[in-house]
Asks: 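There's a structure below that I have some questions on.
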Amino acid sequence: MRRILAAAALVAAACSSPRGGSEAPPLEFDPLPADPHSYSRPNDARVVHMRWTWRPDFDARTLHGVAELHVRRRPGVRVLTLDSRGLVVERIGAGPTDAHGPAYPHRVGAPDPVLGAPLEITLPPSTGDRVDALVVTVVYRTSPDASGLQWLEPAQTHDKSAPYLFSQAQAIHARSFLPCQDSPGVRFTYDGAADVPERLTAVMSAEGIGGPSVRAAGRRFYFRQERPLPAYLVALAVGDLAFRATGPRTGVWSEPGVVEAAASEFRDLEAMVDATEELYGPYRWGRYDVLVLPPSFPFGGMENPNMTFATPTLLAGDRSLVSVIAHELAHSWSGNLVTNADWSDFWLNEGFTVYLERRIVERLYGVETATRQAILGRNELAATMDEFKDRPKLRRLKTDLAGEDPDDGMNSVPYEKGCLLLVLMERLAGRDRFDPFLRAWFDAHAFRSASTAEFVAFAAARLPDVVARIDLARWIDGEDLPPDAPEFDRSVFAAANAAARDFAEGRRAAKDLGAASWTTDEWLRFLAAAPDDPPASKLAELDAAWGLTGRGNAEVAAAWLARSVRAGYEPSYARLEEFLVGIGRRKFLKPLYAELLRTPDGRARAEAIYRKARPGYHPIAQATLDRLFAEAR
Ligand code: BES
Ligand code: ZN
C-alpha cells in the first residue's frame with residue numbers, strides 16, 4: 001500500500017505543471033556537469049518549462065518570439081545566463097509587456113564565433129533559503145542569417161506555391177532562434193502557439209493540440225510537448241503542408257505534391273515503431289510522424305521528437321533508403337530519451353542509434369539487408385579512419401571538442417565505431433542478455449542525460465564478464481580500430497564483389513554483370529569496390545548497360561557522380577550540376593565538391609556551380625562548403 005501511495009505521489013509530481021501553483025512539487029534540480037558549448041549556468045538557475053509563441057515574418061526573414069521561461073533558481077542567485085546567437089532582445093521581464101511589471105536588466109556579452117553570446121539577465125532578489133520559481137519572459141526576434149533557420153522562397157520548394165521555413169537546432173543552433181540553456185543536459189517541457197499566414201501550416205517537435213484557430217492575419221497553431229527535452233530537440237517548420245496517416249499513431253507530413261509518395265515510401269512506419277518497442281520497451285512520446293522537407297534540408301534525417309525531419313532524397317520509390325527513418329525513430333530511445341551529457345559523448349547518441357537502426361532493419365527487412373548495411377558502414381569507417389590519419393584525435397570515440405564547433409564531430413567515427421563496440425558487446429553477451437541490458441539502460445536513464453563514464457559503469461555492473469573481455473579504454477579513448485572490432489559475413493556481397501572484380505579486370509562486360517536484380521546496397525558496394533581510377537571508357541560502358549547517370553536513387557546517384565568526376569566522364573556533368581543545385585544534403589554535397597576540387601578544371605566547375613547553388617543551401621551546408629573551398633585553395 002505504501003508503495004502504491006509513493007508511486008501515486010510520483011505520478012502526481014510528474015504530471016503537475018512546473019508552472020507553480022499549490023500542487024507544485026518541491027523545487028529542486030540535480031547538479032549537471034559543465035558543458036564547454038554553453039554559457040548557461042544550469043546549476044544556478046534552470047529553465048524547466050517554456051511557453052513559446054512565435055511568428056515568422058517571411059519578408060524580413062525574421063522570427064518574432066515571446067519565450068516565457070519558467071525558471072527554478074538556487075537561493076541568492078541574481079543572474080540567469082542564457083545562450084544566444086544574433087538575437088535581438090526587445091524586452092525582458094516577468095511578462096511580455098510593461099503591464100507585467102518591471103523589466104529585468106540584461107546584457108549581451110561579446111559574441112564568440114562558435115558559441116554565440118551569453119545573455120545575462122539580472123533577476124529580482126531571491127527571498128528565503130530554498131530554491132524558488134520565477135518566470136522570465138524574453139521578447140525577441142531572430143536575425144535574418146540565423147544559423148538554425150532556413151527561409152525558402154516558393155521556388156525552392158517542391159510545389160513552388162508557398163514560402164517555407166524550417167529549423168535545425170542540433171548541435172548548438174537552437175540559440176540562434178530561441179534564448180535558452182542550449183546544453184543537452186538541460187531538459188524542459190514546452191507548449192505554445194505559432195501564428196502563421198493564411199494557407200500555411202506549422203508543425204513542431206511536439207504534439208499539435210486541436211486544429212488551428214483563425215485569426216485576423218492568419219492562423220494560430222497550438223502545441224504541447226509534455227516530455228522534457230533538451231534545446232537541440234526544439235524544432236519548427238512552416239509551409240504548405242499536408243498529412244497522411246500511415247497507422248494509428250504514425251503518419252507523414254509534407255508539401256501536398258509529395259505526400260502520397262512519402263506515405264508510400266514510409267508505409268512501414270507503424271511496424272517500425274512496434275518492432276522497436278518489442279526490442280527496447282515502450283515508445284514514450286505519443287505520436288511518431290515524419291516531416292519530409294524541401295530538398296535543401298541539410299541532413300538525411302533529424303530526430304526531432306514526435307516529428308522526425310527528413311530529406312526528400314529518401315523517396316527512392318522502392319523503400320531502399322528507409323534505414324534513415326529507422327535511425328531517426330531509434331533516437332526516440334537513444335538520444336531523445338537518454339541523451340549524451342555533452343557533445344563529447346555524441347557517440348552515445350549516434351553509435352547506439354546506428355546499432356538500434358540495424359536491429360530494426362533486421363526485424364523488418366531481414367538479416368541479409370542489415371548485414372549489408374553494417375558492412376557498408378564498416379567500410380565507410382575504415383575510409384574515415386584513413387582520412388584522419390594525420391589528425392588521430394578525431395578517431396577517438398569520446399572526443400575533445402572544447403573550443404571547436406561540435407558540428408565538426410559529425411563523421412562516421414561516433415556512428416560506426418560506436419555501433420561496432422555495441423555489436424562486440426552483443427556478441428560476447430548474447431542477444432538474450434544484451435537486449436535486456438540495453439532496455440535497462442534506457443529505462444534507468446529515461447528523460448535524462450548520461451556520460452560515457454556512466455555507460456562504462458553501468459556495463460561493468462550489469463555485464464561484468466563482457467566488460468572484462470573488452471579493452472574499453474582503447475575502444476573509447478584509443479585512436480585505432482581495436483583488433484576485436486566485429487566482422488560481418490561478407491558473403492552477402494559476393495555477387496557485387498565478384499562483378500566489380502571481373503569488370504575491373506576485363507573478364508566480364510558491363511552488360512554481363514547480372515545487376516538487374518541488385519538492391520541499392522549492392523549497387524553501392526559495387527561502385528565502392530571499383531578501382532580508384534577506372535578510365536572514362538569503363539564508365540561509359542557501365543552507363544550504357546545500366547543507365548546510371550539517369551538513376552533517381554540519390555545514394556546511387558551520388559556514388560556514381562563521384563566516380564564520374566574522378567574519371568572525367570563528361571556525360572555525367574549535366575546531371576552532376578542538376579544534383580548539386582537541386583539537393584542540399586550535406587553528406588552528398590561535401591564529397592562531390594571535394595572530388596571536383598582535386599583538379600584545376602574541376603575547381604573551375606565547382607566554383608561555377610557553387611556560385612549558382614550556394615544561395616539555396618542551408619547555412620550549415622554553406623558553412624561546411626565555404627570551409628572546404630577555402631581549405632582546398
Ligand atoms: N542527429 C543526426 C543529425 C545531426 C547530427 C545533425 C549532428 C546535426 C549535428 C541524425 O540522427 C543523423 O545521424 N542523421 C544521418 C542519417 C543517419 C542514418 C546516419 C544523416 O543525416 O545523414
Ligand atoms: Zn543520428
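Both counts, for ligands and for their atoms, begin at 1 and track the order of listing. Note that the structure is predicted; figures quoted are calculated from it, not measured.
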Asks: Return the residue, atom name and 0.1 Å-rounded distance of the protein heavy atom closest to atom 18 (C) of ligand 1.
Replies: His327 CG, 3.6 Å
Asks: Answer yes or no: does an N/O atom from Met410 fall short of 3.5 Å to an N/O atom of ligand 1?
Replies: no
Asks: Which residue holds the protein heavy atom closest to atom 13 (O) of ligand 1, what is that atom called, and what is the gap in Å?
Replies: Tyr415 OH, 2.7 Å
Asks: Taking the basic N atoms (NZ, or NE/NH1/NH2) and the acidic carboxylate oxygens, is any pair closer than 4.0 Å for Arg431 and Glu362?
Replies: yes
Asks: Just by modelled atom types, is the Arg614 backbone N or O under 3.5 Å from a matching donor or acceptor in the Gln622 side chain?
Replies: yes
Asks: Quick check on contacts: which atoms of ligand 1 are under 4.0 angstrom from a heavy atom of Phe346?
Replies: 5 (C), 7 (C)
Asks: I'd like the name of whichever of Glu303, Gln168, Lys587 reaches closest to atom 1 (N) of ligand 1 through any heavy atom.
Replies: Glu303
Asks: In this structure, which one of Trp518, Trp560, Phe493 forms a ring pair (Phe, Tyr, Trp, His ring centres under 6.0 Å) with Phe526?
Replies: Trp518
Asks: Is it the side chain (CB and beyond), the backbone, both or neither of Gln170 that lies under 4.0 Å from ligand 1, heavy atoms counted?
Replies: both
Asks: Measure from NZ or CZ of Arg427 to the centre of the six-membered ring of Phe488 and say whether it is under 6.0 Å with the direction within 45° of the ring axis.
Replies: yes
Asks: Looking only at atom types and distance, does a side-chain atom of Gln181 sit under 3.5 Å from a main-chain N or O of Val47, one as donor and one as acceptor?
Replies: yes
Asks: Can you name the one residue among Phe352, Phe455, Phe458, Trp333 that meets ring pair (Phe, Tyr, Trp, His ring centres under 6.0 Å) with His445?
Replies: Phe458
Asks: Before moving on, can you tell me the angle at the Zn ion (ligand 2) between the NE2 atom of His331 and the OE1 atom of Glu350, to the nearest 10 degrees?
Replies: 100°
Asks: Is the distance between the ring centroids of Phe299 and His618 under 6.0 Å?
Replies: no
Asks: With nothing but distance in play, are any N or O atoms of Glu350 less than 3.5 Å from an N or O of ligand 1?
Replies: yes
Asks: Give me the nearest non-hydrogen protein atom to atom 10 (C) of ligand 1 as residue plus atom name, then the distance to 0.1 Å.
Replies: Gly301 O, 3.2 Å
Asks: Note the single closest protein heavy atom to atom 11 (O) of ligand 1, along with its residue, its atom name and the distance in Å.
Replies: Glu328 OE1, 2.7 Å
Asks: Show which atoms of ligand 1 fall inside a sub-4.0 Å distance from at least one heavy-atom site of Gly300.
Replies: 20 (C), 21 (O), 22 (O)
